[in-house]
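For this chain, numbers begin at 1 and follow the sequence in order.
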Amino acid sequence: MRTKHEASPSLARPTPWQWLRYAFGGRLPRALSAWVLSDTTRTGWVRRHLARSVVQLSPLVALCLLVVPVAVTYRLTAALGGLLVGLMYSVAFMVETTEHRVAKAGYPAGTAARLREERAERARAARVEQRFPYRIGGSGSFD
């Protein structure tokens with residue numbers, strides 16, 4: 001069952017160059033606002049956020065690996081350390097970052113968090129109904 005904010009086959013997607021700009025914090029055209037909301041709310045949003053973070057950190061990692069004039073071991077350690085610290089900060093500010101992306105797409109603040117919470121609540125209710133079928137519709141008792 002697909003809800004209105006999940007990806008659909010007809011949902012317009014950004015071009016690779018638009019996505020790259022979006023990954024670095026750029027704004028997408030208004031026509032792609034629905035895609036931004038879908039990208040930040042549907043299942044797998046954390047994985048997609050981390051992928052954008054890796055893309056953002058890739059120039060720094062490349063500089064550490066290719067430009068710094070020290071032994072390869074030190075360059076690998078610096079690149080890996082920088083990547084891990086960057087990902088830690090990315091995870092720490094994940095919700096705020098996605099809310100900012102959604103706000104730049106023209107939606108009210110808090111929209112992404114609300115939609116993710118609604119999806120999680122529907123999933124919890126479905127698990128309860130599956131585990132305790134006699135409670136469908138809120139009737140019945142756990143006793």
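Placement of V61 and F24 in two distinct hydrophobic clusters is found when ILVMFWY residues are connected by side-chain heavy-atom separations under 4.5 Å, directly or transitively. A single hydrophobic cluster is seen to contain both V54 and M94, as judged by linkage of ILVMFWY side chains at heavy-atom distances under 4.5 Å, directly or through other members. If you chain together hydrophobic residues whose side chains sit under 4.5 Å apart, V85 and F93 fall into the same group. In terms of hydrophobic clustering, with Ile, Leu, Val, Met, Phe, Trp and Tyr side chains grouped at heavy-atom distances under 4.5 Å, L32 and W19 are assigned to a common cluster.
A donor-acceptor distance shorter than 3.5 angstrom exists from the side chain of R48 to the backbone of T43, with no hydrogens or angles considered. Using modelled atom types, no side-chain atom of S38 and backbone atom of A34 make a donor-acceptor pair closer than 3.5 Å. A distance-only check finds a donor-acceptor pair linking the side chain of H49 to the backbone of S90 [under 3.5 Å]. The backbone N or O of L28 sits nowhere less than 3.5 Å from a side-chain atom of Q18 that would complete a donor-acceptor pair.
Under the 4.0 Å criterion applied to side-chain N and carboxylate O atoms, R114 and E121 are not assigned as salt-bridge partners.
The number of heavy atoms from other shown groups lying within 6.0 Å of CZ (R13) does not exceed 12. Heavy-atom contacts from other residues, nucleotides or ligands closer than 6.0 Å to OH of Y74 number 12 or fewer.
Annotation: side chain of V46 is in contact with side chain of L50 (closest heavy-atom distance under 4.5 Å). Here the side chains of V36 and Y107 are not in contact, with every heavy-atom distance at 4.5 Å or above. Looking at heavy atoms from C-beta onward, T98 lies in side-chain contact with R52 at the 4.5 angstrom threshold. The side-chain heavy atoms of L80 and L76, taken from C-beta on, include no pair separated by under 4.5 Å. No side-chain heavy atom of L83 sits under 4.5 Å from any side-chain heavy atom of L60.
Residues P59 and V55 share a closest heavy-atom pair of CD-O, 3.5 Å. Nearest heavy atoms, E99 versus A112: OE2-CB, 3.2 Å. The two atoms that bring L87 and S53 nearest to each other are CD2-CB, 3.8 Å, heavy atoms only. Contact between R30 and K104 at its shortest, heavy atoms only, is NH1-O, 4.1 Å. Minimum interatomic distance between Y22 and D39 (heavy atoms only, all atoms of both residues): OH-OD2, 2.9 Å. Taking each heavy atom of R124 and E117 in turn, the nearest pair found is NH2-OE2, 2.7 Å.
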Query raised in the report: Step by step, would you call R75 with V72 a side chain to side chain contact (heavy atoms under 4.5 Å, CB included)?
Result: CA-CA 5 Å; R75 288 186 279 171; V72 172; 3.0 Å; yes
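For R101, the side-chain hydrogen bond (donor to acceptor under 3.5 Å, both in side chains) test picks out no residue, with sequence neighbours left out.
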